[in-house]
Enquirer: 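Here it is, the structure in full.
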Amino acid sequence: PLILLLSSLSGVSNDKISNNSLDYENRLKIVKLKTLVGKRYLYSTIKQDLIIINFWASWCIPCIKELPSLIKLRKMYKKDKLIIFGINADFKDKHKNIQIIKNKFGINFFIVPDDNHKIFNLFRVSGLPITLIFYKGKLLEIIKGPKDFMSIIFLKKITKLFTKKN
């Protein structure tokens with residue numbers, strides 16, 4: 001039921017998520033993330049229930065347009081509840097471009113430079129921006145294209161996750 005609601009809002013059919021969710025969940029379990037500051041993450045080391053993986057690039061206008069709402073979302077929830085990884089796809093001057101965007105917007109989540117596009121290839125990302133949302137290791141939503149992470153509908157879904165009984 002939750003998957004149907006989330007997938008219908010993102011424009012991805014429920015069948016497509018059902019068929020691919022296990023694939024994405026398995027990829028989440030094996031991905032190795034190294035942040036801009038050198039901190040390493042594996043799924044087994046992440047304590048937060050809600051994981052957002054956002055694929056972006058400094059040259060991608062829709063990616064840049066959604067950044068402020070993602071930054072606000074990060075501020076809304078305690079760090080023990082939500083973790084966000086911004087996987088960067090820049091080819092040329094990657095670290096310079098990341099730093100420019102980070103400073104301009106005050107990015108408050110983890111940026112992962114995707115050297116050689118290993119993470120993009122692992123998750124089969126073919127366009128930008130793409131956001132994957134996982135809750136307790138389960139894929140909840142695939143967002144293709146820009147998203148307003150501060151929309152009332154999206155915030156209600158997130159709040160509902162944190163308030164439901166487990």
Side-chain angles (χ1 to χ4, degrees), residues 2 6-7 9-10 12 17 21 24-25 27-90 94-95 97-115 117-120 122-125 127-163:
L2 182 60
L6 293 170
S7 63
L9 293 171
S10 67
V12 178
I17 284 196
S21 62
Y24 280 102
E25 291 159 12
R27 291 169 193 279
L28 176 67
K29 291 175 184 168
I30 63 170
V31 69
K32 297 175 183 175
L33 304 171
K34 183 179 175 187
T35 69
L36 193 60
V37 295
K39 189 166 183 179
R40 296 177 188 273
Y41 286 90
L42 299 170
Y43 175 69
S44 61
T45 65
I46 297 171
K47 306 294 184 222
Q48 295 84 347
D49 287 338
L50 186 62
I51 301 169
I52 296 178
I53 301 177
N54 176 263
F55 293 90
W56 69 284
S58 66
W59 46 262
C60 168
I61 294 170
C63 299
I64 300 305
K65 284 185 177 180
E66 75 177 0
L67 272 178
S69 69
L70 198 55
I71 292 164
K72 287 178 185 173
L73 181 70
R74 170 63 271 158
K75 288 179 184 176
M76 283 187 66
Y77 294 97
K78 293 180 182 178
K79 291 187 178 189
D80 65 338
K81 298 276 187 199
L82 165 69
I83 191 165
I84 300 172
F85 295 100
I87 314 299
N88 180 269
D90 284 20
K94 178 186 297 279
H95 291 276
N97 291 333
I98 290 172
Q99 206 58 52
I100 290 168
I101 298 297
K102 183 178 182 212
N103 293 341
K104 180 177 180 178
F105 290 94
I107 293 177
N108 57 358
F109 52 83
F110 296 108
I111 299 174
V112 177
D114 191 11
D115 298 320
H117 291 90
K118 290 179 184 177
I119 302 167
F120 270 72
L122 177 67
F123 284 100
R124 298 182 181 146
V125 173
L128 292 174
I130 298 280
T131 304
L132 305 174
I133 300 177
F134 296 90
Y135 183 71
K136 295 187 176 186
K138 302 292 181 195
L139 179 68
L140 294 183
E141 187 171 5
I142 302 168
I143 303 166
K144 295 183 177 184
K147 174 79 173 177
D148 179 3
F149 294 98
M150 295 305 293
S151 73
I152 292 170
I153 294 170
F154 186 78
L155 291 175
K156 281 183 179 179
K157 288 187 283 186
I158 299 300
T159 301
K160 188 174 182 178
L161 289 173
F162 290 137
T163 57

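What you see is a predicted model, and the numbers here were worked out from it, not measured in a lab.
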Enquirer: State the CD1-CD1 distance between I53 and I84, to the nearest 0.5 angstrom.
Expert: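 So the gap between those two atoms works out to 11.5 Å.
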Enquirer: For Q48 and K79, work out which heavy atoms get closest and say how close.
Expert: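 That would be NE2-O, 2.8 Å.
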Enquirer: In sequence, state the C-alpha distance, the side-chain angles, and the governing distance for F120 and L128, and then conclude on side-chain contact (heavy atoms from CB on, under 4.5 Å).
Expert: CA-CA 10 Å; F120 270 72; L128 292 174; 3.5 Å; yes
Enquirer: At their closest point, which heavy atom of S58 faces which heavy atom of N88, and how far apart are they?
Expert: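 Answer, listing the atom of S58 first, then N88: N-ND2, 4.0 Å.
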Enquirer: Compare all side-chain heavy atoms of K65 with those of P146 and state whether any distance is below 4.5 angstrom.
Expert: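 When only atoms from C-beta onward are counted, P146 and K65 do not touch, as no gap falls below 4.5 Å.
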Enquirer: Check step by step if side-chain contact (heavy atoms from CB on, under 4.5 Å) holds for L33 and Y43.
Expert: CA-CA 9 Å; L33 304 171; Y43 175 69; over 6 Å; no
Enquirer: Measure the CG-CD distance between N97 and Q99 for me, rounded to the nearest 0.5 Å.
Expert: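 Answer for the CG-CD pair, N97 versus Q99, is 10.5 Å.
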Enquirer: Indicate the atoms forming the closest heavy-atom contact of L122 with I30, along with that distance.
Expert: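 Residues L122 and I30, closest heavy atoms: CD1-CD1, 3.8 Å.
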Enquirer: To the closest 0.5 Å, what do you measure between CD1 (I133) and CD1 (I51)?
Expert: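 CD1 of I51 is found 11.5 Å from CD1 of I133.
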Enquirer: Ring-plane angle category for F154 and F149, please: parallel below 30°, perpendicular beyond 60°, tilted otherwise.
Expert: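 Judged by the thresholds at 30° and 60°, the geometry between F154 and F149 is perpendicular.
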Enquirer: Evaluate the side-chain proximity of H117 to V125: yes if any heavy-atom separation is below 4.5 Å, no if none is.
Expert: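 Side chain of V125 against side chain of H117, heavy atoms only: no contact under 4.5 Å found.
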Enquirer: Given 3.5 Å as the limit, does a donor-acceptor pair link the side chain of R74 with the main chain of L82, or not?
Expert: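 Answer holds: yes.
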Enquirer: On the 0 to 90° scale, with breaks at 30° and 60°, tag the Y41-F110 ring pair as parallel, tilted or perpendicular.
Expert: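 Tilted.
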Enquirer: So, do L132 and L28 sit near enough that their side-chain heavy atoms are less than 4.5 Å apart?
Expert: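 A side-chain contact under 4.5 Å is absent here.
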Enquirer: Within the 4.5 Å heavy-atom criterion, are D49 and L161 side-chain neighbours or not?
Expert: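 Answer no - side chains too far apart.
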Enquirer: Rounded to the nearest 0.5 Å, how far does CD1 of I107 lie from CG of L67?
Expert: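 It is 5.0 Å, given to the nearest 0.5 Å.
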Enquirer: First locate atom CD1 of I143, then atom CZ of F55, and finally report the distance between them rounded to the nearest 0.5 Å.
Expert: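 Between I143 CD1 and F55 CZ, I get 12.5 Å after rounding to 0.5 Å.
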Enquirer: Can you check whether I87 reaches F123 side chain to side chain, under 4.5 Å on heavy atoms?
Expert: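 A side-chain contact is absent here, since even the closest heavy-atom pair is not under 4.5 Å.
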Enquirer: So, do K157 and I153 sit near enough that their side-chain heavy atoms are less than 4.5 Å apart?
Expert: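 Side-chain contact under 4.5 Å: yes.
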Enquirer: Are side-chain heavy atoms of L155 and M150 found at a separation under 4.5 Å?
Expert: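 Contact flag for L155/M150 side chains = yes.
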Enquirer: If you take all heavy atoms of L36 and H95, which pair is closest and at what distance?
Expert: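 Closest approach of L36 to H95: CD1-ND1, 3.4 Å.
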Enquirer: When you compare the side chain of F134 with that of I46, does any pair of heavy atoms fall below 4.5 Å?
Expert: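 The answer is no, as the side chains (C-beta and beyond) never meet within the 4.5 Å cut-off.
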Enquirer: How long is the straight-line distance from OH of Y24 back to CD of E141, given to the nearest 0.5 Å?
Expert: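 Between E141 CD and Y24 OH, I get 12.5 Å after rounding to 0.5 Å.
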Enquirer: Between W59 and D90, does the side-chain contact (heavy atoms from CB on, under 4.5 Å) criterion hold? Intermediate values first, please.
Expert: CA-CA 8 Å; W59 46 262; D90 284 20; 3.7 Å; yes
Enquirer: Taking NZ in K94 as the centre, count heavy atoms belonging to other residues, nucleotides or ligands within less than 6.0 Å. Is the count above 12?
Expert: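 More than 12 heavy atoms, drawn from other residues, nucleotides or ligands, come within 6.0 Å of this atom.
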Enquirer: Mind listing the closest non-hydrogen atom pair of E66 and G145 along with its distance?
Expert: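 Shortest heavy-atom contact: OE1-O, 3.9 Å.
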Enquirer: Could you report the tightest heavy-atom contact between N108 and I71, atom names first, then the distance?
Expert: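 Nearest heavy atoms, N108 then I71: ND2-O, 3.1 Å.
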Enquirer: Answer yes or no: is there a donor N or O on one side and an acceptor on the other, between the side chain of K102 and the main chain of I98, under 3.5 Å?
Expert: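 Not a single qualifying donor-acceptor pair exists.
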Enquirer: For A89, is there any backbone N or O sitting under 3.5 Å from a side-chain donor or acceptor partner on D114?
Expert: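 Pair absent, no side-chain N/O of D114 close to backbone of A89.
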